[in-house]
There are 2 protein chains.
Amino acid sequence: MTESDHRRRRITLADIASACGVSSATVSLVLSGSPAVAASTRKRVEAEIVRQGYVYNRSAANLRRKISSSVAVVINDLSNPFVAEFAAGVDEALAEAGCVMLLGSSGESVERQRAVLQSLIEHGPAGVILTPAEGSKVSDLQPVVGLHTPLLLFNREVPEAKWDYLGADNVAGARMATEHLLAQGHTRIAFFGGHRDSSSCRQRVEGYLSALAEAGISPEPRWMVECAPTRMQAATATAALFARDPAPTAAVTYNDGVALGLMMGLRARNITPGRDFAITGFDDIPEAHAQVPALTTLATGPRALGRQAVGLVLGRGNKPDLPARRTISPVSLVTRDSSLTYAHPLEAPAGKAAKRKSRRTGEPA
Amino acid sequence: MTESDHRRRRITLADIASACGVSSATVSLVLSGSPAVAASTRKRVEAEIVRQGYVYNRSAANLRRKISSSVAVVINDLSNPFVAEFAAGVDEALAEAGCVMLLGSSGESVERQRAVLQSLIEHGPAGVILTPAEGSKVSDLQPVVGLHTPLLLFNREVPEAKWDYLGADNVAGARMATEHLLAQGHTRIAFFGGHRDSSSCRQRVEGYLSALAEAGISPEPRWMVECAPTRMQAATATAALFARDPAPTAAVTYNDGVALGLMMGLRARNITPGRDFAITGFDDIPEAHAQVPALTTLATGPRALGRQAVGLVLGRGNKPDLPARRTISPVSLVTRDSSLTYAHPLEAPAGKAAKRKSRRTGEPA
DNA sequence: CTGAAAGCGCTTACAG
DNA sequence: CTGAAAGCGCTTACAG
């Protein structure tokens, strides 16, 4: 809330009009490029606009025309590279559509999400793209979003919600990653990172479990290690994988951030990722293929998802009565070094330690 | 540009008023919490507001009151973690101030920056926070920003600009980093990464050169390696450091992203960072202290900078006639493992190779 | 080709 | 305590 008419008052259409000796209607027609304006009038008006440094007040125009030229985007945490890329894609597509982005973040708090949504909605966006905070329910969103603004859920589902949804194919992705590790000979495969509260995590776990089941492997509870989806938390949580022997020899991780954190955690324990332990990520963030070892992961194309989200939410404005749509975007496995180690599933713990030492020094044990 | 009055028309103050049998003025007073409304009236109106799912039209209110409740933020690239953290800080402070963030990105293109700024300005922000695209000139910004919207330049200066500026103390930071490496015994210290086009890079180079000069060292041209400030580009550019012997034994890098890229590039050449080569970064992004080796760097506190930026740009609204202010935020050196190797500046190339091999295997040469 | 007038959804002195 | 009226900066049939 800040006064904006400091310095001399802002220039308006009327100022231009009176300076040119025409009506503001004519100036408006010039601005909208109407052919019904005499060329000479147009010239004069355009010159005056430049001379006075007039800036168009789009809010006023939108009010009058009952249109919107903005889209609200509510995410959890901009510092997640996947989210940042997604936002960049949204930004690109909105710029092309002549729309502006209203950005807010919930920081994974349902209460803050409510406040942010309310504030953004009051600015009259044409639609809202929302990655709901963990634990969001329909009743947290419905009252504040109302019935008049199209809402697109991105990446996380809300139970029983009837809004459009766009997300990556988490189930298939995690299944592909798990099958890939199985094909390398691993049998003790962990699922590492993420929170069960998030639907994307649950879906990835589902894919992981289905691949194990198909291979006739029943996962042990301690192969499932939850942690917040950040590098730091993942590095810290690494210990849990090795609490008891036999430890897993590979892990499907919740996402690349977690995978990189796990790599750090492994190195801190003198376990070389990609050689002593196989890892797959999820998202294919830019660093994934620059890491040593390069990270096997699932490419979801967050930038393209961002663009797609804009299309969905703006398209919804035209057909309000369509039923809610679930759009599942395919993902693809990108195989790199971090998962290409071979497993030694039958080694006894002692033998394994000896073998590991010998691999590390390059001398026979 | 999208129609937003799909489904039945949006509820307005007038709808609530007529449903309650009062005037819209009264409803407005209820919304603003005026004490001049009878408690019973207030109750009725509030109930009706909830019942109809009314949502306040803040744009209309802002138009009438001639105020703004938004701030425009134009950055280059959201996928830079420093930028993402900064944006998160801006977001926090704006939320507290009851303002909304209009976000756009220039992708380092002056032309796109112009279009984005114009679009955002038309929405009437109370101020603009801008990290100018490389090569921006006053004439690229002045016409589109006009004279009525306070502009704050963040992190990069524009020659001869008279706008407020906020940035980290790049000169002092790079000088501290260089002095630290000198204190470890290094004499062949590179400056790695960044583009001379950006003022922040020039300032960091200035600090680096001044520390070298004070130590009586004249830097060789090939110690200066430019590259785009991304991990990938940095990894690729690593080769340039080792093109000729004697190679540098340490590098002050433009920022943490570049430093991490350099680490990858070094590992790819079998040079262990923090042991065979000393590195300092800039920014202290979250991974810096989680990396192996942990990265010595300069903490700039991007989140706090984001908050500070909001204060400066909103504060400017009140005192339009103050001269432009340069705010330089102090930085602090965080010493970690990546820079704690000792230099061997007098080693001949051959001897150095032998020594390096012996250090790596742990056996005498 | 141009202007007068009404109206978008609000707020705010002012009168009662 | 409440309402009528004017006005924020635009747009758009409509008349001329």
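Just so it is clear: chains get the letters A, B, ... in the order the sequence lines come, proteins before strands, and each one is counted from 1. Small disclaimer: the values here were computed from a predicted structure and weren't measured. Hydrogens, waters and symmetry mates play no part in the numbers below; they use all other heavy atoms, side chains included.
Under the side-chain hydrogen bond (donor to acceptor under 3.5 Å, both in side chains) criterion, A/Arg44 pairs with no residue, sequence neighbours left out. Scanning for salt bridge (Lys or Arg N to Asp or Glu O under 4.0 Å) contacts around B/Arg42 gives B/Glu46, with sequence neighbours left out. Remark: A/Ala72 engages A/Leu102, A/Leu120, A/Pro125, A/Val128 in a side chain to side chain contact (heavy atoms under 4.5 Å, CB included) (not counting sequence neighbours). Partners of B/Glu48 according to the salt bridge (Lys or Arg N to Asp or Glu O under 4.0 Å) rule, which considers only residues two or more places apart in sequence or in another chain, are B/Arg51. Under the side-chain hydrogen bond (donor to acceptor under 3.5 Å, both in side chains) criterion, A/Thr131 pairs with no residue at all, not counting sequence neighbours. The side chain to side chain contact (heavy atoms under 4.5 Å, CB included) search around A/Gln142 returns A/Val138, A/Leu147, A/Lys162, A/Trp163, not counting sequence neighbours. Looking at residues two or more places apart in sequence or on another chain, you find no salt bridge (Lys or Arg N to Asp or Glu O under 4.0 Å) involving B/Arg64.
Identified under the ring pair (Phe, Tyr, Trp, His ring centres under 6.0 Å) test for residues 87-137 of chain B, with sequence neighbours left out: none. Pairs engaging residues 25-40 of chain A under the side-chain hydrogen bond (donor to acceptor under 3.5 Å, both in side chains) rule: A/Ser23-A/Thr26 [sequence neighbours left out].
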Any N/O pairs under 3.5 Å between the protein and nucleotides 7-11 of chain C? List them or say none.
unit_1 : atom_1 : unit_2  : atom_2 : d
C/dG7  : N2     : A/Arg64 : NE     : 3.4
C/dG7  : N2     : A/Arg64 : NH1    : 3.2
C/dG7  : N3     : A/Arg64 : NH1    : 3.4
C/dC8  : O2     : A/Arg64 : N      : 3.1
C/dG9  : N2     : B/Ala60 : O      : 3.2
C/dC10 : OP1    : B/Tyr54 : OH     : 2.6
C/dC10 : OP1    : B/Asn57 : N      : 3.4
C/dC10 : OP2    : B/Leu13 : N      : 2.8
C/dT11 : OP1    : B/Tyr56 : OH     : 2.4
C/dT11 : OP2    : B/Ser28 : OG     : 2.4
C/dT11 : O2     : B/Arg64 : NH1    : 2.2

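Scanning DNA chain D for stems, defined as runs of 3 or more consecutive Watson-Crick or G-U wobble pairs whose donor-acceptor distances all fall under 3.5 Å, gives the following ranges: C:1-3 with D:14-16, C:5-12 with D:5-12, C:14-16 with D:1-3.
No salt bridge links B/Arg112 with B/Asp77; every basic N to acidic carboxylate O contact stays at or beyond 4.0 Å.
The phosphate of D/dA4 has neither OP1 nor OP2 within less than 4.0 Å of any side-chain N or O from B/Ser23.
A heavy atom lying under 4.0 Å from DNA chain D marks none of the residues of residues 37-44 of chain A.
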